[in-house]
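A short worksheet on the structure shown next.
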Amino acid sequence: MNRSLRYQISIAFSSLLIVLPAHALDKAPTGATAVLAVLETSDLHANVVGYDYYKLAPEPSIGVDRTATLIKAARKEFANTLLLDNGDTIQGTAFADYQALVKQPACGEVLGIYKIMNALGYEGGTVGNHEFNYGLPFLNRITGSAFQVKGVEKGATCAGPAFPIVLANVTSLQTKRPLFAPYQIIDKKITARGPDGKPVETTVKVGIIGFTPPDIMSWDKRWLEGRVAVAGVRETAEKYIPEMRKKGAQLIVALSHGGLDDSPYSPKMENANWHLAKVPGVDVMLLGHAHQLFPNAESTVGQFNLPGVDKVRGLVHGVPAVMPSQWGKHLGVVQLHLTYDGKAWSVDKDKTVVQARATQTGAKTFVEPDAQVAALVKAEHEATIAYVKTPVGRSAFRMTSYFADVGDPSALEVVNRAQAEYVSQYVKANLPQYATLPVLSVSAPFKAGFPGVTDYTDVPAGDLALNNAADLYLFPNSLYAVKVDGAGLKAWLETAAQRFNTIDPALSTPQELVNARFPSFNFDTITSKDVAYEIDVTKKPGERIVELTYLGKPVTPKQEFLVATNNYRASGGGGFPGLDGGNVVIASPDNNRDILIAHIRAAKELTRASHGAARSWRFARVETRGPVVFHSAPDLEALAREAGLSNVSQVKADDGSGKGTALYAVDLSK
C-alpha cells in the first residue's frame, strides 16, 4: 500500500471515530485500545510567521504559521492528540526582541508567540535555555508567573500562556522550591475502542515534566546567579517521576530541552537525555536544543549514532523520542498505541511510530501557511518591521558570512571593532589597572548555512538599519571582557579551530574542510591588523594555531591581554578552556548588539578598508593532491574575490544537499 493511500485511509478512519457515537467512561473497559499522537514543537525561537526580519522578506522555510498547518493535519489524522512545546520559544528573532526590549506587552496582554500557541490549543510546555536571555522579571511577566526570587517585584500576575509550563530542575534560592511547577498531570480525554470494537470516551492521566540545560547558570549568569539553582536532569527525574506515578500519572512525557550524550553522567551535563531514557517510568522523550532532526535514518550527527539509539525508529534505549529541528520547520509526532488491562494503560512499543514531519514538501515547495496565525500577530509583526527599518548608518561594501569559514572578515570586523572600542573606553574610564594591556576582540559567524542557503548574514551596501545590525549580531548577549595570557589566547583559538576537519594532503579524493558538528557560533575569530596567526588544518585539533603574533612579535605564554567577547563565551559557553567566568574583568549591562549599533552611528559610514579588510588568520599553506571543499550559497565567486579570497572557486552550483547550497573548493597552497 502506498504512503498516500495509507494516509487517506487513516484520515477516513479518524473521521469515522469522530462521528460514531461513543460511550463516556471514567474508566476504560479491560482490553480497550487507543492511539494517542503526542505532537511536539521545539526551538521555535519566536519565528511566528514565515518572514525574515533581517532581509525584510518572506521566508517560507520557517514559521509557526506553517507548523500550524501540520498540527491541524495531524488532528484530522488522529482522533487523539496531545500538543506540547519543548522550549526556546520566546527568543531568537527581531519580533522577539521588539516585544522584550522595545515594547513589552501590557500586563493583561499575551506575548505574540504565546497568543498563537493558545489559539492552536497547546496543552503544555517547558522552558529552554533561551527563555532566560531577557532576564527573570520579563520571564515572570510573560509566563503569568509569580516568581519568588531576588530582583522580581511582587505584584499582579500578568497574562501568560493558557497551558501549563513545567520545569523541574530550576529552583528559587529564596524559597528552595521549583521556579515553575516541576510537572503537571493532564486529564487527557481520548476516544478509545473497547474490546467489542465500539468507540468509548475515557480519560488517560498524562504526566508531563520539564528540564532545561544546567548550563543556563553560565550562559545567563548575569540574570540567574544568586537567584536560582539548577539540578541535573537524571537525579531530578528520579526524584519526581515516582511521585508523579503515585499521583496517578499513567503515561509520562519528558519535555527535556537537550540532546543526547553518552559521556559519563554529570549533573552539569548539557545533553543528558541518553541517560534520562534509562530512568524508570519515562514513556516518551521530547528533545530539542540541538536544532537537529530525529528520527532520521540518514543522519551522520554523532549524538544519533550512539549505542542504544535507533535513528530509524526514533528510540533511545527503547524509549520513543523525537527532535523536530528548529524554527517551526518540523512537527514531532509520536504515535503511541495504548492498551488498557483494567488497571493501567501500557504502550505497545512494537507498534509505536515516531516521525518528524516537515513543512517542506519538495525542493522549493512548502505546506500552505495558516492564515489565522498571521492574523493573530498582525499588529506585532508590522510594528517589528517598522522597528527594524530604523536607520543607523551606511556601508560602502557588502558584509556577508558566505565565506567566513575561509577567511572573509566582512561580517565580523565591525562587531570586533565595536566591542574592542567599548572595552578600551571602559578601561580608560573605570579600570586604570588594566590600561597597559592590549585589547583584542573575538566574534563568530552566527549564520553559516547550517539549515540551508538562507542562513547566512548578508548585509548589502547602502543604508544600514536595525535589522542589519541584528543580522550581524544575532543574539541578545551582553558584552563581557576577560583577561587571558598568551597561552590562554592560543588555547582559545585552538578550540575555535575545531571548526575544521583534519585534512590529509596525500588524499586524492575530495575532503570536507568544515566540521559540521562544530557550530559556527563557536568559531571565534580575531580581526585586527595587530594580530596574525595561521591555522594548519593538516594537524590534529589542539596543534593547529601557528605563527601567532602581536604587533609582529610572537605571542609569549605569559603575555597578558584583555579580550572582548560576550557573556555566553566568557561564562563557559562552548567549553573553551580557561573561560568559566573566573577571569571576567568587565561584565557590562550593555547588549553587544546595542554596542554595535552605537558604533555604526558614530562611524556614520563603514568602508571595506576601515571595517572589512583586517584579516588576522589564514590557513597555513600546504599542497594537497585532491580538492578541499566546503559549501556556501551558489554563484558568489566574485564576492569572494572582493574579500581578497583568490583561492576560492565554485565546483558545482548545486551540491546535491537539498539546501540550495553550492560546492566550493579552497586551494590551501595559496
Side-chain angles (χ1 to χ4, degrees), residues 218-223 225 392-393 409 412-444 469 472-473 475-493 495-496 524-533 548-574 576-604 606 610-611 614-617:
S218 295
W219 299 337
D220 275 304
K221 182 178 180 179
R222 70 195 190 283
W223 298 121
E225 188 176 46
V392 294
L412 302 174
E413 188 180 354
V414 64
V415 175
N416 278 332
R417 284 280 303 275
Q419 293 178 168
E421 286 185 6
Y422 181 95
V423 170
S424 295
Q425 292 169 5
Y426 189 97
V427 168
K428 184 178 180 180
N430 303 289
L431 300 171
Q433 66 270 36
Y434 298 121
T436 60
L437 297 187
V439 174
L440 306 178
S441 178
V442 296
S443 58
L472 290 163
Y473 202 99
F475 299 108
N477 299 130
S478 292
L479 185 139
Y480 275 34
V482 297
K483 187 174 80 167
V484 300
D485 58 19
L489 180 64
K490 184 174 184 295
W492 191 333
L493 298 175
T495 302
D524 284 356
T525 301
I526 299 173
T527 55
S528 167
K529 60 182 177 57
D530 297 333
V531 177
Y533 59 100
L548 175 59
T549 64
Y550 176 72
L551 295 178
K553 297 180 180 180
V555 171
T556 62
K558 293 185 179 181
Q559 189 173 357
E560 292 185 327
F561 300 90
L562 293 183
V563 182
T565 181
N566 56 52
N567 60 291
Y568 171 81
R569 181 71 74 239
S571 301
F576 282 58
L579 298 179
D580 58 4
N583 54 355
V584 172
V585 297
I586 298 174
S588 169
D590 294 321
N591 184 293
N592 294 69
R593 192 185 299 159
D594 290 340
I595 290 167
L596 171 62
I597 291 168
H599 176 85
I600 294 172
R601 281 182 169 141
K604 295 183 180 178
L606 312 181
S610 65
H611 285 87
R615 181 182 175 189
S616 291
W617 72 272

Item checked: For Asp524, all residues meeting salt bridge (Lys or Arg N to Asp or Glu O under 4.0 Å), sequence neighbours excluded -> Arg569
Note to self: Among residues at least two apart in sequence or on other chains, which ones pass salt bridge (Lys or Arg N to Asp or Glu O under 4.0 Å) with Lys428?
What the structure shows: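 In terms of salt bridge (Lys or Arg N to Asp or Glu O under 4.0 Å), with neighbours along the sequence ignored, Lys428 is linked to no residue.
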Notebook entry, point to check: Parallel, tilted or perpendicular for Tyr568 and Trp219, by the 30°/60° rule?
Noted result: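 Because their plane-to-plane angle lies in the 30° to 60° range, the rings of Tyr568 and Trp219 count as tilted.
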What pairs with [X] under side chain to side chain donor-acceptor pair (under 3.5 Å), at least two apart in sequence or on another chain?
X      : value
Lys221 : none
Ser610 : Thr607
Thr527 : Asn416
Gln419 : Ser441, Asn592

For [X] against [Y], the heavy-atom pair lying closest together:
X      : Y      : value
Ala469 : Ile597 : CB-CG1, 3.6 Å
Gly578 : Asn583 : O-ND2, 3.2 Å
Val423 : Ala481 : CG2-CB, 4.0 Å
Leu606 : Ala603 : CD2-CB, 3.9 Å
Val415 : Leu472 : CG2-O, 4.0 Å
Thr565 : Ala570 : CG2-CB, 4.0 Å

Heavy-atom side-chain proximity of [X] to [Y] below 4.5 angstrom:
X      : Y      : result
Val531 : Val555 : no
Tyr473 : Asn566 : yes
Val427 : Val585 : no

Working to the nearest 0.5 angstrom, can you tell me the gap between [X] [atom1] and [Y] [atom2]?
X      : Y      : atom1 : atom2 : answer
Leu562 : Leu431 : CG    : CG    : 8.0 Å
Asn567 : Asn591 : CG    : CG    : 9.0 Å
Ser616 : Glu413 : OG    : CD    : 8.5 Å
Thr525 : Arg615 : OG1   : CZ    : 10.5 Å
Arg593 : Ser478 : CZ    : OG    : 11.5 Å
Gln559 : Leu548 : CD    : CG    : 8.5 Å

Margin query: side-chain hydrogen bond (donor to acceptor under 3.5 Å, both in side chains), that's the test. Do Ser588 and Tyr422 meet it? Break it down for me.
Written below: CA-CA 10 Å; Ser588 169; Tyr422 181 95; 2.7 Å; yes
Notebook entry, point to check: In chain order, what residues pass the ring pair (Phe, Tyr, Trp, His ring centres under 6.0 Å) check against Tyr434, with sequence neighbours excluded?
Noted result: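 None.
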Check: Quick one: ring pair (Phe, Tyr, Trp, His ring centres under 6.0 Å) partners of Tyr480, sequence neighbours excluded?
Finding: none
Notebook entry, point to check: Picking from Trp617, Tyr533, Trp492, what satisfies side-chain contact (heavy atoms from CB on, under 4.5 Å) with Ile526?
Noted result: Tyr533
Residues forming a side chain to side chain contact (heavy atoms under 4.5 Å, CB included) with [X], sequence neighbours excluded:
X      : value
Ala487 : Asp485, Pro557
Asp530 : Ser528, Tyr550, Leu551
Ala491 : Pro577

Next item on the list: Only pairs at least two apart or in different chains count here, so list each salt bridge (Lys or Arg N to Asp or Glu O under 4.0 Å) that has a residue in residues 594-604.
Entry: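 Applying salt bridge (Lys or Arg N to Asp or Glu O under 4.0 Å) to every pair that reaches into residues 594-604, excluding sequence neighbours, yields nothing.
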